[in-house]
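Residues: numbered from 1 along the sequence shown.
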Amino acid sequence: PPGQAVFNGLQAALGCSYFYHYLNTLKKVPMKLAVGLFLAAIATQQAARAFVLPHRHHHYNPSFSCTSLLFARRVPRVVDTSSSTGPKGPRRGTSTREPQSPKLKRAPHQFDHTLEEARPFVNALQEIQLQDSNDNAPVYELSNSTTAGDIITQNHIETFSLNDLFPNLDFSHKFATSTAFREDLRNSIRQDIFDTTPTYHGMSEKAKAMLLLPDSSLQGSWKCQNGGWSRANNDDNLKRSRMNRLTAVLQQHLGDGAPTGDAFMDTIGKLCGRKPSTHLIDIVGVLTRRIPHSWHQDTGNSPENSKTVLLGFPPTDNYNGVGVFSHVVKLKREQFAQDGHSPMEPVLYKQDIDDEYIVRPKFAEGQEIIAYRDVHVLHSSPDVAYRTSVMRFM
């Protein structure tokens with residue numbers, strides 16, 4: 001409320017009680033003026049308390065200490081509107097009872113949803129154990145589509161293993177069974193991509209540190225050979241290869257026969273097809289909470305049979321289950337974006353889709369990578385995610 005906002009501003013300006021002595025000592029503010037401002041603040045506080053109206057969705061009661069106004073905070077208040085008895089009874093919107101743990105808790109951005117409904121925190125591992133991958137889900141036909149193409153006859157989703165791409169290294173087993181290897185691999189990819197993406201070169205150290213936090217999504221280009229990447233320091237010795245940290249990690253965990261970091265990225269990137277965008281993003285997403293599906297296509301185009309490729313990073317060793325990869329709906333017909341649609345924007349589909357059509361691709365040893373054409377499917381973040389991240393190559 002406005003009165004409360006005024007008081008908050010005054011208390012921040014005045015500070016705690018001994019601040020007034022400090023002002024007088026500096027001879028910048030006379031003591032009488034400082035005391036006057038202090039009394040005005042107290043009067044404003046009382047007015048704010050007297051005229052504050054109950055907020056419709058969440059309620060706060062100001063609780064301040066006159067000797068430490070800088071550290072004032074808002075304290076939740078239990079509201080019992082049934083106790084209001086008019087002018088002679090308790091003030092409307094307050095309770096004379098001791099605060100109880102209310103049965104209904106509301107998130108600040110919600111209306112009349114409970115906390116559990118509005119922000120349904122879950123035990124993700126328990127939730128996904130109840131979900132089926134539904135690999136044999138039927139195809140889905142979009143109604144009233146004006147941009148549908150041919151009937152799709154090929155497999156909608158392909159699966160690859162790291163052993164397929166990098167044989168004779170026992171890559172899949174080491175990736176599936178070693179948290180340290182997965183963490184080192186992911187972090188080195190992120191750091192190498194960050195260091196060689198010109199967009200990030202001029203950022204402050206604080207901004208760089210925040211972007212590189214492991215729970216932050218990071219994007220750039222996956223292409224190494226002739227990829228147009230650069231380094232901020234223009235060191236000629238570092239221009240020969242891009243993914244130097246990744247190279248060291250692969251050699252450490254896989255031995256002398258390991259691919260270079262550049263070869264690792266370009267090999268997975270080639271699964272995207274002959275005309276990729278080369279875009280890479282490491283997606284973390286929402287964890288520990290159930291969210292509604294948000295069906296979309298990334299571009300609504302797949303030029304020259306180009307594909308989206310996902311490399312999954314599970315949160316635990318020997319993981320075999322859903323929640324790592326995006327969820328997918330297999331379309332009956334190719335679905336294209338409207339003419340003039342920006343290639344950098346997703347195509348959104350707002351309709352609800354029955355669970356029988358939803359495929360939840362499973363991650364397992366030997367199934368670390370999936371691929372699909374963007375015009376063959378709709379996809380969404382998992383309703384319940386269980387992963388460290390998923391890297392999307394396009």
Polar side-chain atom of [X] near backbone of [Y] as donor-acceptor pair, under 3.5 Å:
X	Y	answer
N155	I157	no
H341	E345	yes
W229	C224	yes
D383	H293	no
T316	Y319	no
R373	S302	yes
D262	M243	yes
H376	I152	no
D266	Q225	yes
D374	D298	yes

Would [X] and [Y] show up in the same hydrophobic cluster when neighbours are defined by side-chain heavy atoms closer than 4.5 Å?
X	Y	result
I283	W295	no
V284	Y200	no
Y349	V328	no
F393	L218	no
F325	L125	yes

Heavy-atom side-chain proximity of [X] to [Y] below 4.5 angstrom:
X	Y	result
R392	H279	yes
K362	N320	yes
S172	S161	yes
I193	L280	yes
L311	V390	no

Can you tell me how far [atom2] of [Y] sits from [atom1] of [X], rounded to the nearest 0.5 angstrom?
X	Y	atom1	atom2	result
L378	I353	CG	CD1	5.0 Å
N301	E334	CG	CD	10.5 Å
T247	D192	OG1	CG	7.5 Å
D135	R360	CG	CZ	11.5 Å
W222	K270	CH2	NZ	8.5 Å
L310	T308	CG	OG1	7.0 Å

Item to check | Residue pair T159, I369: steps toward the side chain to side chain contact (heavy atoms under 4.5 Å, CB included) verdict | outcome: CA-CA 6 Å; T159 301; I369 299 170; over 6 Å; no

Next on the checklist: Is there a side chain to side chain contact (heavy atoms under 4.5 Å, CB included) between I281 and M391? Walk through the geometry before answering.
Outcome noted: CA-CA 6 Å; I281 182 170; M391 285 192 180; over 6 Å; no

Item to check | From CA spacing to verdict: side-chain hydrogen bond (donor to acceptor under 3.5 Å, both in side chains), E127, Y386 | outcome: CA-CA 9 Å; E127 290 288 321; Y386 187 68; over 6 Å; no

Checklist entry - Among pairs that include at least one residue of residues 158-182, which meet salt bridge (charged side-chain N to carboxylate O under 4.0 Å, His left out), considering only residues two or more places apart or in two chains? => result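 Listed once each, the pairs are E158-K307, R182-D317.
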
Next on the checklist: Assess the residue pair R190 and S216 against the criterion (side chain to side chain contact (heavy atoms under 4.5 Å, CB included)); give the C-alpha distance rounded to whole Å, side-chain angles, the decisive distance to 0.1 Å, and a yes or no.
Outcome noted: CA-CA 10 Å; R190 288 167 60 90; S216 172; 4.2 Å; yes

Checklist entry - H379: what forms a ring-ring contact (aromatic ring centres under 6.0 Å, His included) with it, not counting sequence neighbours? => result H296, Y372

Result block: side-chain N/O donor-acceptor pairs under 3.5 angstrom for residues 138-148, not counting sequence neighbours:
residue: S145; atom: OG; partner: T147; partner atom: N; Å: 3.3
residue: S145; atom: OG; partner: A148; partner atom: N; Å: 3.4
residue: S145; atom: OG; partner: Q335; partner atom: OE1; Å: 2.8
residue: S145; atom: OG; partner: Q335; partner atom: NE2; Å: 3.0
residue: T146; atom: OG1; partner: Q338; partner atom: NE2; Å: 3.2
residue: T147; atom: OG1; partner: Q335; partner atom: NE2; Å: 2.7
residue: T147; atom: OG1; partner: F336; partner atom: O; Å: 2.6

Considering all heavy atoms of both residues, which atom of [X] and which atom of [Y] are nearest to each other, and what is their separation?
X	Y	result
L185	L246	CD1-CD1, 3.3 Å
N163	F171	OD1-N, 3.0 Å
P361	S326	CD-O, 3.2 Å
S380	S294	OG-N, 2.8 Å
V286	A385	O-CB, 3.5 Å
E368	F175	CG-CD2, 3.9 Å

Item to check | Crowding at CE, M210 (>12 non-hydrogen neighbours, <6.0 Å) | outcome: no

Item to check | D352 atom CG, neighbour heavy-atom count above 12 within 6.0 Å | outcome: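 Count not over threshold, so no.
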
Item to check | R186/D282 ion pair, N-O < 4.0 Å | outcome: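 Yes, R186 and D282 are salt-bridged.
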
Checklist entry - Would V249 and H253 satisfy side chain to side chain contact (heavy atoms under 4.5 Å, CB included), going step by step from the backbone distance to the final call? => result CA-CA 6 Å; V249 166; H253 290 275; 3.8 Å; yes

Item to check | side-chain hydrogen bond (donor to acceptor under 3.5 Å, both in side chains) between R231 and T196, worked out | outcome: CA-CA 5 Å; R231 299 184 186 277; T196 55; 5.7 Å; no

Item to check | Intermediate values then yes/no, salt bridge (charged side-chain N to carboxylate O under 4.0 Å, His left out), D195 and K208 | outcome: CA-CA 10 Å; D195 289 344; K208 290 179 181 179; over 6 Å; no

Checklist entry - Do the ring planes of F264 and F166 sit parallel (below 30°), tilted (30 to 60°) or perpendicular (above 60°)? => result parallel

Checklist entry - Is the F363 to F313 ring centre distance short of 6.0 Å? => result no

